[in-house]
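The next block holds one structure in the form of structure tokens; read it before the comments.
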Amino acid sequence: MKKSHLNIVLVEPQIPQNTGNISRTCAVTGARLHLVEPMGFTVTDKHLKRAGLDYWDKLDLTYYSDLNDFFAKNADGIFYYFTTKGRHVHSDVAYPLEKPVYLVFGREDRGLDEALLHDNPETCVRIPMRNTLRSLNLSNSVAIAAYEVLRQWGYPDLSTEGDLTKFTWE
């Protein structure tokens, strides 16, 4: 499988269904998935597999023992930290094509470590939402973010037209 310039990073994911849904999004978009341990489940978890089952073998997936391991092995890219605490709107960012882009998401119950966010204020981004609510679902956030990057890039290697199964468009 070719190495994608779009990378989805899940730091300590806790809910297998979210990771399964995200794996499916990565498979259909060609994004590479990075899972940073510890995770709240095992990759053999039936809920994880059910959510992304028929796409699991199409996934470009790498595991890391911790965040330091991830950064040591991926120093070549540009990192965008998705957080409700971000001060930049995700769709206002121009995601570059020249380097690998890593969209980094924290665990469902507490997000990314605030020290990491504090050290990277210009690349902390937020998906707009009402302030009175805690957050979007992680798998929804990943899909929104991934498709914004792909939209800006002109949906490379993705089909933008479909065919009917019982009829033709002509």
Side-chain angles (χ1 to χ4, degrees), residues 3-27 29-43 45 48 51-52 59-153 156:
K3 190 171 182 178
S4 175
H5 282 282
L6 179 58
N7 297 271
I8 304 300
V9 183
L10 303 182
V11 179
E12 301 180 12
Q14 300 298 299
I15 301 173
Q17 295 91 331
N18 282 337
T19 301
N21 289 338
I22 292 164
S23 69
R24 187 173 182 152
T25 297
C26 289
T29 61
R32 187 171 180 207
L33 180 59
H34 305 262
L35 297 179
V36 179
E37 296 178 346
M39 298 185 292
F41 53 88
T42 64
V43 292
D45 188 292
L48 170 73
L59 194 56
D60 185 356
L61 175 62
T62 307
Y63 298 95
Y64 303 90
S65 60
D66 58 31
L67 204 51
N68 290 331
D69 182 34
F70 166 76
F71 282 122
K73 293 176 179 169
N74 296 288
D76 62 335
I78 299 175
F79 304 92
Y80 296 93
Y81 304 97
F82 279 74
T83 173
T84 58
K85 300 166 180 87
R87 295 172 36 196
H88 306 285
V89 174
H90 77 290
S91 55
D92 290 343
V93 173
Y95 299 95
L97 276 165
E98 310 79 46
K99 288 184 154 191
V101 167
Y102 293 86
L103 307 181
V104 184
F105 297 85
R107 49 187 284 166
E108 292 92 337
D109 58 347
R110 64 177 182 236
L112 293 165
D113 184 87
E114 283 202 7
L116 177 66
L117 302 177
H118 181 265
D119 292 344
N120 297 282
E122 292 308 310
T123 55
C124 287
V125 295
R126 175 185 171 88
I127 298 170
M129 54 178 266
R130 292 167 52 194
N131 282 330
T132 56
L133 299 173
R134 188 176 64 248
S135 65
L136 286 166
N137 172 275
L138 179 61
S139 63
N140 291 338
S141 296
V142 169
I144 290 167
Y147 271 92
E148 174 57 25
V149 174
L150 294 168
R151 182 194 67 78
Q152 288 185 22
W153 292 352

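We number each residue from 1, following the sequence as shown. These numbers come from a predicted model, not from an experiment. These values consider heavy atoms only, across backbone and side chains, with no hydrogens, waters or symmetry-generated copies.
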*Could you tell me the separation between the CZ atom of Arg87 and the SG atom of Cys124, rounded to the nearest 0.5 Å?*
9.5 Å
*Taking atom CD of Glu37 as the centre, does the number of heavy atoms from other residues, nucleotides or ligands within less than 6.0 Å exceed 12?*
yes
*Provide the closest heavy-atom pair for Leu117 versus Tyr81 in the form atom of the first, atom of the second, distance.*
CD2-CB, 3.9 Å
*Any donor and acceptor pair, going by atom type alone, linking the side chain of Asp69 with main-chain N or O of Ser65 inside 3.5 Å?*
yes
*May I ask you to test the Leu103-Val142 pair for a side-chain heavy-atom distance under 4.5 Å?*
no
_Short side-chain to backbone donor-acceptor contact, Thr123 and Phe79, under 3.5 Å_ = yes
*asked:* Would you compute the distance between atom CD1 of Ile15 and atom CD1 of Ile22 and round it to the nearest 0.5 angstrom?
replied: 9.5 Å
*How long is the span from the OG1 atom in Thr83 to the CD atom in Glu114, to the nearest 0.5 Å?*
7.5 Å
_Nearest heavy-atom neighbours spanning Asn68 and Asp66_ = N-OD1, 3.1 Å
_If I take atom CG from residue Asn7 and atom CD1 from residue Ile78, how far apart are they, to the nearest 0.5 angstrom?_
11.5 Å
*Report yes if some heavy atom in the side chain of Phe105 is under 4.5 Å from a heavy atom in the side chain of Pro13; otherwise report no.*
no
*Rounded to the nearest 0.5 Å, how far apart are OH of Tyr95 and CG of Leu6?*
10.0 Å
*asked:* When you measure from the side chain of Arg126 to the backbone of Thr84, do you find a donor-acceptor pair of N or O atoms at a distance under 3.5 Å?
replied: yes
*Would a distance-only check, ignoring hydrogens and angles, find a side-chain to backbone donor-acceptor pair under 3.5 Å from Gln152 to Val93?*
yes
*asked:* With a 4.5 Å cut-off on side-chain heavy atoms, are Val101 and Trp153 touching?
replied: yes
_Give me the atom names and distance for the closest heavy-atom approach of Ala146 to Ile8._
CB-CD1, 4.2 Å
_Under a 3.5 Å threshold, yes or no: a donor from one side chain and an acceptor from the other, between Asn18 and Glu108?_
yes
*Do His90 and Tyr80 have side-chain heavy atoms sitting under 4.5 Å apart?*
no
*Phe70 and Tyr102 aromatic ring geometry - parallel, tilted or perpendicular at 30°/60° bounds*: perpendicular
*Report the distance from atom CG of Leu67 to atom CD of Glu12, rounding to the nearest 0.5 Å.*
8.0 Å
*Which heavy atom in Thr19 sits nearest to a heavy atom in Leu10, and how many Å separate them?*
OG1-CD1, 3.9 Å
*Thr25 versus Ser139: any side-chain heavy-atom pair under 4.5 Å?*
no
*Cys26 versus Leu33, closest heavy-atom pair with distance*: SG-CB, 4.0 Å
*Hey, are the side chains of Leu116 and Phe71 touching, using non-hydrogen atoms and a 4.5 Å cut-off?*
yes
*Might you point out which heavy atoms bring Asn74 and Arg32 nearest each other, and give the distance in Å?*
OD1-NH1, 4.5 Å
